[in-house]
Structure formats: C-alpha cells, structure tokens
Amino acid sequence: MKLWGGRFEGGSSEVFEQFSGSLHFDKALVFADIEGSQAFARALAKQGILNAQECDELVRAFAEIAHEAKDPAYFDGANDEDVHTFVIRKLGEKTSLAAKIHTGRSRNEQVSLDTRLYLRTCARTLLRQTADLMSGLLELGRKYPDAVIPGYTHMRRAQAVLWRHYLLAYFEMFARDFERMEQALARINVMPLGSGALAGSGFPFDRDEIAADLRFPAVTRNSMDVSGDRDFALDFLYACSMIVLHLSRLAEDWILYSSEEFNWMTLGDGVTSGSSLMPQKKNPDSLELIRGKSGRVFGDLTALFVTMKGLPMTYNRDMQEDKEPLFDAFRQTSGALSMALAVVDSVVLDAAKPAAAAEESWVIATDLAEELARRGVPFHRAHQIVGRVVLESVKAGKKPSDWTAEELMNCAPEFVPEMHRFLNPAEGMKSRELPGGTGPRAVAQAFAEAEARLAAMRSRLV
Ligand code: ARG
C-alpha cells in the first residue's frame with residue numbers, strides 16, 4: 001500500500017520499490033509509531049476531526065496492532081513502503097476511520113517523532129547499563145583496596161598508582177559518558193508533531209498538550225528545522241561512540257594485563273574461549289570483540305554525518321538512511337556494555353604481580369627526585385641526580401630495593417638517610433594526597449565521592 005498515488009498514472013517500478021522500501025528495518029519503530037499515532041488521534045479529536053467515539057475506536061485499533069506486532073511473523077510478506085504505511089494499512093483492515101488519521105500530519109514529522117520515541121528508550125537503557133558498569137568497577141576496586149600497580153605512559157612503567165585509582169580513571173570516563181548520553185536524551189526528548197511536512201500543520205493543534213500526552217518535556221520551535229534535522233540522532237551516535245571508545249581502551253588494557261607477559265589478572269572462564277588447535281589457549285575474545293565492535297559504532301556515526309552533510313533544506317529521502325546506523329549503534333553499544341560488565345565481574349587480580357612490577361622498575365624515580373626538591377635541591381639538579389642512580393642501576397642490574405641509604409648518599413651528597421623509604425612505591429604515593437592524586441587518602445575520598453555521585457546519577461534515571 002501507498003499513502004499517495006492520485007497524482008500518478010503509472011505504478012512504481014519493482015526496482016524502485018525494492019530499492020526505496022524501508023519496512024524490513026524500520027519495522028523496529030512499529031511500537032513508537034503506534035504510540036505516537038494514538039496521541040495524534042487524541043489531538044484530532046480535540047480538533048473536532050474525530051468525535052470521541054471515533055477516537056476511541058482508532059486508539060483501540062492501534063492497540064490491537066501493537067499486540068499483533070509482537071509476533072515477528074506479523075510483517076511476513078508485507079511490501080509496504082515503510083512502517084508508517086504498514087501501520088495505516090493494518091489500521092484500514094480494522095476500521096474505515098483509518099482514512100482520517102493522517103489529517104494535518106506528514107510522515108516527515110512522524111518519522112522524527114517515532115525515532116525520538118525509540119531513541120529515548122535506547123538512551124535510558126544505555127544510561128542504566130553505564131551506571132551498572134560503573135558500579136561493577138567500584139566493586140572491583142573494593143576487592144583490592146591496597147593493590148598497587150605501575151601506571152604507564154608510552155606503554156613504559158611510569159609511576160606507581162593504586163589499583164583503585166586506575167579504576168576510578170575509567171569511572172570518570174563513564175561518568176562523562178553518562179552525562180553525554182543524558183545531554184543527547186535532552187535533545188532527543190523534544191516533541192515535533194505539528195510541524196507538518198515542513199511549514200507547520202494546517203490544523204491548530206495544541207502542541208504542548210500532545211507533548212504532555214507523550215511525556216515530552218518540550219516541543220520543537222521550527223517546522224522546517226524538524227523536517228531537516230537529525231542532530232538528535234547524531235548526538236545519540238556520538239554518545240554511543242564515546243562509550244565504546246572507552247570500553248575499547250579498557251578492553252585493550254585488560255587484554256594486555258591478562259596476558260602471560262603481564263600476568264596480573266585472570267579473566268573468568270565464562271568470558272574467554274579456547275583454540276580449536278592449541279589446547280593450552282584461553283583467549284580474551286570478549287574483550288577483543290568489545291574493541292572490534294567499537295569500530296562499527298564509529299562507522300555508524302560517520303555514515304550519518306556523511307549522509308547529512310550536503311542535504312538542502314528540508315527533508316530529503318536520504319534521511320531514511322539514519323535508521324540502520326542508529327539501530328546498529330544501539331545494539332552494539334548495549335551488547336558491549338553488558339559484555340564489559342560480565343568481564344569486570346569475572347576479573348581476579350593477582351595483586352602481588354603488579355606490585356612486583358612496580359617494585360622492580362624505577363617507578364619511584366619521580367618520588368625520589370621530588371623528595372630531594374622538597375628538601376631544597378633545585379628540581380633540575382634532583383632530576384639529574386636520580387637519573388644517575390637509575391643509570392648506574394641499569395648498568396649494574398640493581399633494582400631500587402637493592403640500594404642502601406649509604407649507597408645513595410655516596411652517589412650524591414644531597415641524599416639523606418630518611419629518603420631511603422622512597423625506594424618503596426607505596427611510600428612515594430603518600431606524597432600525592434592532593435585531590436585527584438593517587439595518595440591513599442585522596443583515593444579513599446575519591447572512591448567515597450564516586451559512590452555518592454553514582455547514587456545521584458542513578459536517582460536521575462527514570
Ligand atoms: N520512510 C521515510 C523515512 O524514514 C519516512 C518519511 C517519508 N517522507 C517522504 N516524504 N517520503 O525517512
């Protein structure tokens with residue numbers, strides 16, 4: 001069926017119908033389409049286009065379609081142009097009033113409404129999942145409150161940090177992702193009906209009333225903007241992209257940390273797989289797929305960017321190409337968040353391993369140089385002195401704990417016996433107690449704040 005045709009003498013060619021039809025993917029919007037159409041029927045009743053009884057009949061018919069559409073086979077064999085057309089055809093099979101439902105409404109605003117209704121549910125799901133992952137990270141931190149790991153720059157051991165400090169770094173990334181998704185939701189959650197095809201509807205709908213009916217906190221302000229706008233979809237894709245970007249970096253870290261070379265942590269059997277040939281293998285496929293699927297989501301964002309960039313105002317059929325990237329990005333992001341949470345829950349840290357990695361390398365060099373500086377040695381000189389100690393150690397194959405206080409003092413007169421304690425990574429960390437640092441008290445404070453912040457985020461979820 002088509003929602004147009006009077007102006008045509010010939011029918012559509014098969015190749016055009018095949019090429020342009022979107023029902024096979026936009027059927028995912030069927031429940032949103034029905035919810036929006038029920039509200040629109042109520043708006044038509046307010047306009048006197050439908051009487052109360054007709055409105056009830058339409059709303060009921062839509063509800064029946066929603067019920068029937070739960071069965072995926074409902075769409076079998078349908079060759080309607082899109083989901084909006086499909087729903088109206090089904091409505092026509094139930095009531096002759098179907099011919100009135102499109103009064104003063106365009107598919108251009110309808111598709112905007114449906115996509116917004118659909119995405120706001122997706123955004124809320126992802127918000128909840130992001131919060132759950134953040135809870136998982138805090139739980140993993142609670143299991144190893146004192147564990148020390150070497151932090152890296154350039155993939156070289158840099159300075160010692162608490163395991164909890166490392167996890168809180170990811171907590172911050174996901175906290176920003178949560179806020180970003182909330183911001184995307186705020187732009188999604190605006191009611192477009194009343195815009196007509198591009199110029200505003202020819203019927204004076206009470207748009208605020210429709211918005212209230214569909215639980216939108218705001219209405220759009222310009223009908224042309226509505227027809228040509230997919231910013232809200234791009235905001236959603238960008239918010240998804242940032243989530244999977246952060247998940248991908250976490251995955252990369254843990255692929256390394258669980259390798260035989262690092263050997264810091266074990267991933268649960270439930271999130272790893274074996275090799276068809278090599279019996280000893282336990283591969284981190286879950287993390288690799290999180291890393292891999294992130295590329296798809298960036299592709300989804302890029303695809304819609306490119307689709308939109310040259311479109312003249314207002315609606316163009318190109319915009320139908322927004323759906324598959326949106327659906328894919330949601331599915332991949334949601335899947336990656338669930339997978340990541342399962343991995344986080346499965347991780348067993350062998351805290352002695354990263355502690356040994358911190359102790360046997362020169363991650364305390366900065367601590368030592370800064371302690372010299374605190375005692376009045378100009379920092380450049382302190383840097384030079386400690387650099388010499390490291391060079392000598394490298395040549396002699398010594399680790400920090402091999403040095404005695406006397407040996408340090410023989411190396412440079414600026415050393416004093418009390419500095420010897422800085423050869424232990426856990427000591428130097430105590431000098432980093434400012435907010436945001438890895439000092440144990442600062443981290444305990446940050447951890448408590450993270451718990452409170454997460455509780456506040458959760459309270460904003462609906
Ligand atoms: N299937 C279309 C889409 O997803 C619906 C809007 C159709 N509007 C039109 N003027 N052809 O964009």
Side-chain angles (χ1 to χ4, degrees), residues 1-8 20 22 26 29-30 32-62 65 80-92 94-118 188-233 311-320 322:
M1 174 187 144
K2 291 197 174 48
L3 295 173
W4 43 270
R7 187 238 175 276
F8 291 79
S20 62
S22 56
D26 67 15
L29 297 178
V30 68
D33 195 75
I34 289 170
E35 187 186 356
S37 294
Q38 287 175 318
F40 190 66
R42 287 188 282 271
L44 286 176
K46 291 265 162 55
Q47 292 296 307
I49 304 284
L50 300 171
N51 65 35
Q53 194 196 327
E54 289 173 328
C55 176
D56 282 352
E57 187 178 329
L58 274 175
V59 169
R60 244 196 325 274
F62 276 126
I65 298 171
D80 306 274
E81 185 178 316
D82 56 21
V83 67
H84 324 295
T85 314
F86 173 86
V87 169
I88 290 183
R89 175 169 64 80
K90 288 290 181 187
L91 194 68
K94 293 180 187 295
T95 164
S96 59
L97 291 167
K100 284 193 167 186
I101 189 63
H102 224 60
T103 317
R105 182 176 69 165
S106 159
R107 273 186 298 166
N108 296 351
E109 54 183 336
Q110 194 180 352
V111 75
S112 171
L113 176 71
D114 293 4
T115 311
R116 289 167 187 273
L117 286 169
Y118 183 87
I188 290 166
N189 211 7
V190 187
M191 205 292 295
L193 284 191
S195 300
L198 79 162
S201 179
F203 297 79
F205 295 113
D206 183 338
R207 301 187 61 213
D208 291 322
E209 206 169 82
I210 302 175
D213 189 347
L214 291 167
R215 300 173 313 283
F216 280 97
V219 297
T220 57
R221 290 175 181 275
N222 182 290
S223 60
M224 291 184 81
D225 180 39
V226 165
S227 275
D229 172 34
R230 288 295 178 271
D231 291 7
F232 66 91
L311 297 188
M313 284 285 269
T314 55
Y315 178 82
N316 299 267
R317 190 68 178 270
D318 316 43
M319 290 162 71
Q320 178 170 290
D322 63 349

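Here, residue 1 is the first one in the sequence, and each next residue gets the next number.
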Peer 1: Quick one: CG on Asp80 to CZ on Arg89, what's the gap to the nearest 0.5 Å?
Peer 2: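 Output value for this atom pair is 4.0 Å.
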Peer 1: Which distance, rounded to the nearest 0.5 Å, do you find between the CE of Met191 and the CG of Asn189?
Peer 2: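 Those atoms lie 11.5 Å apart.
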Peer 1: What closest approach, in Å, do Ile88 and His102 show between heavy atoms, and which atom pair accounts for it?
Peer 2: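 Taking every non-hydrogen atom into account, CD1-ND1, 3.8 Å.
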Peer 1: Would you say NZ of Lys94 has more than 12 non-hydrogen atoms from neighbouring residues, nucleotides or ligands within 6.0 angstrom?
Peer 2: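 Counting other residues, nucleotides and ligands, NZ of Lys94 exceeds 12 neighbours.
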Peer 1: Going from CG on Leu311 to CG on Asp229, what distance comes out if it is rounded to the nearest 0.5 angstrom?
Peer 2: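 These two atoms lie 11.5 Å from each other.
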Peer 1: Take Ser201 and Arg207 through the test side-chain hydrogen bond (donor to acceptor under 3.5 Å, both in side chains) and record every step on the way to the result.
Peer 2: CA-CA 11 Å; Ser201 179; Arg207 301 187 61 213; over 6 Å; no
Peer 1: Rounded to the nearest 0.5 Å, how far does NE2 of His84 lie from CG of Leu29?
Peer 2: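 Here the rounded value is 6.5 Å.
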Peer 1: If you compare all heavy atoms of Gly36 against all heavy atoms of Leu117, which two are closest, and at what distance to 0.1 Å?
Peer 2: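 Scanning both residues completely, I find the closest heavy atoms to be N-CD1, 4.1 Å.
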Peer 1: For Lys100, enumerate each residue passing the side-chain contact (heavy atoms from CB on, under 4.5 Å) test, keeping only those at least two apart in sequence or located in another chain.
Peer 2: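 So Lys100 forms a side-chain contact (heavy atoms from CB on, under 4.5 Å) with Leu50, Glu54, Thr103.
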Peer 1: Are the charged groups of Arg42 and Asp213 less than 4.0 angstrom apart, N to O?
Peer 2: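 Here Arg42 pairs with Asp213 in a salt bridge, since their nearest N and O are under 4.0 Å apart.
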Peer 1: Decide whether a cation-pi geometry holds between Arg116 and Phe216; the criteria are a distance under 6.0 Å from NZ or CZ to the six-membered ring centre and an angle within 45° of the ring axis.
Peer 2: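 No, Arg116 and Phe216 do not form such a contact.
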Peer 1: List the atom of Thr220, the atom of Ser195, and the distance in Å for their closest heavy-atom pair.
Peer 2: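 So the minimum-distance heavy-atom pair works out to OG1-OG, 4.0 Å.
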Peer 1: In Å and rounded to the nearest 0.5 Å, what is the CG to CG distance from Leu58 to Leu44?
Peer 2: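 Atom-to-atom, Leu58:CG and Leu44:CG are 8.5 Å apart.
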Peer 1: Check step by step if side-chain contact (heavy atoms from CB on, under 4.5 Å) holds for Ser37 and Gln110.
Peer 2: CA-CA 8 Å; Ser37 294; Gln110 194 180 352; 4.0 Å; yes
Peer 1: Run the numbers on Phe232 and Thr115 for side-chain contact (heavy atoms from CB on, under 4.5 Å), then give the verdict.
Peer 2: CA-CA 9 Å; Phe232 66 91; Thr115 311; 3.9 Å; yes
Peer 1: By ring-ring contact (aromatic ring centres under 6.0 Å, His included), which residues pair with Phe62, not counting sequence neighbours?
Peer 2: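 Expected list: none.
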Peer 1: Give, for atom CG of Asn222 and atom OG of Ser227, the distance between the pair rounded to the nearest 0.5 Å.
Peer 2: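 It is 9.5 Å, given to the nearest 0.5 Å.
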Peer 1: For Glu57 and Thr95, which heavy atoms make the closest approach, and how far apart are they?
Peer 2: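 Shortest heavy-atom separation between Glu57 and Thr95 comes out as OE2-OG1, 3.0 Å.
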Peer 1: Are any of the side-chain nitrogens in Arg317 or Glu81 under 4.0 Å away from the carboxylate oxygens of its partner?
Peer 2: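 Looking at Arg317 and Glu81, the cut-off is met.
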Peer 1: Please lay out, stage by stage, how Arg107 and Asp82 fare under the test side-chain contact (heavy atoms from CB on, under 4.5 Å).
Peer 2: CA-CA 10 Å; Arg107 273 186 298 166; Asp82 56 21; 2.8 Å; yes
Peer 1: If you look at every heavy atom in Ala197 and Asn108, which pair is closest and at what distance?
Peer 2: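 Closest heavy-atom pair between Ala197 and Asn108: O-ND2, 3.3 Å.
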Peer 1: Phe205: what forms a ring-ring contact (aromatic ring centres under 6.0 Å, His included) with it, not counting sequence neighbours?
Peer 2: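 Listed in chain order: Phe40.
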Peer 1: Evaluate side-chain contact (heavy atoms from CB on, under 4.5 Å) for Asp33 paired with Val30, printing each intermediate quantity in order.
Peer 2: CA-CA 5 Å; Asp33 195 75; Val30 68; 5.5 Å; no
Peer 1: Can any side-chain N or O of Asn316 pair as donor or acceptor with the backbone N or O of Thr314 at less than 3.5 Å?
Peer 2: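 Confirmed, Asn316 side chain pairs with Thr314 backbone.
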Peer 1: How far apart are the closest heavy atoms of Asp26 and Val83, and which atoms are they?
Peer 2: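 Heavy atoms only, the tightest pair is OD1-N, 3.0 Å.
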Peer 1: Please confirm whether the backbone N or O of Leu198 pairs with a side-chain atom of Ser223, one donor and one acceptor, at under 3.5 Å?
Peer 2: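 Such a contact is found between Ser223 side chain and Leu198 backbone.
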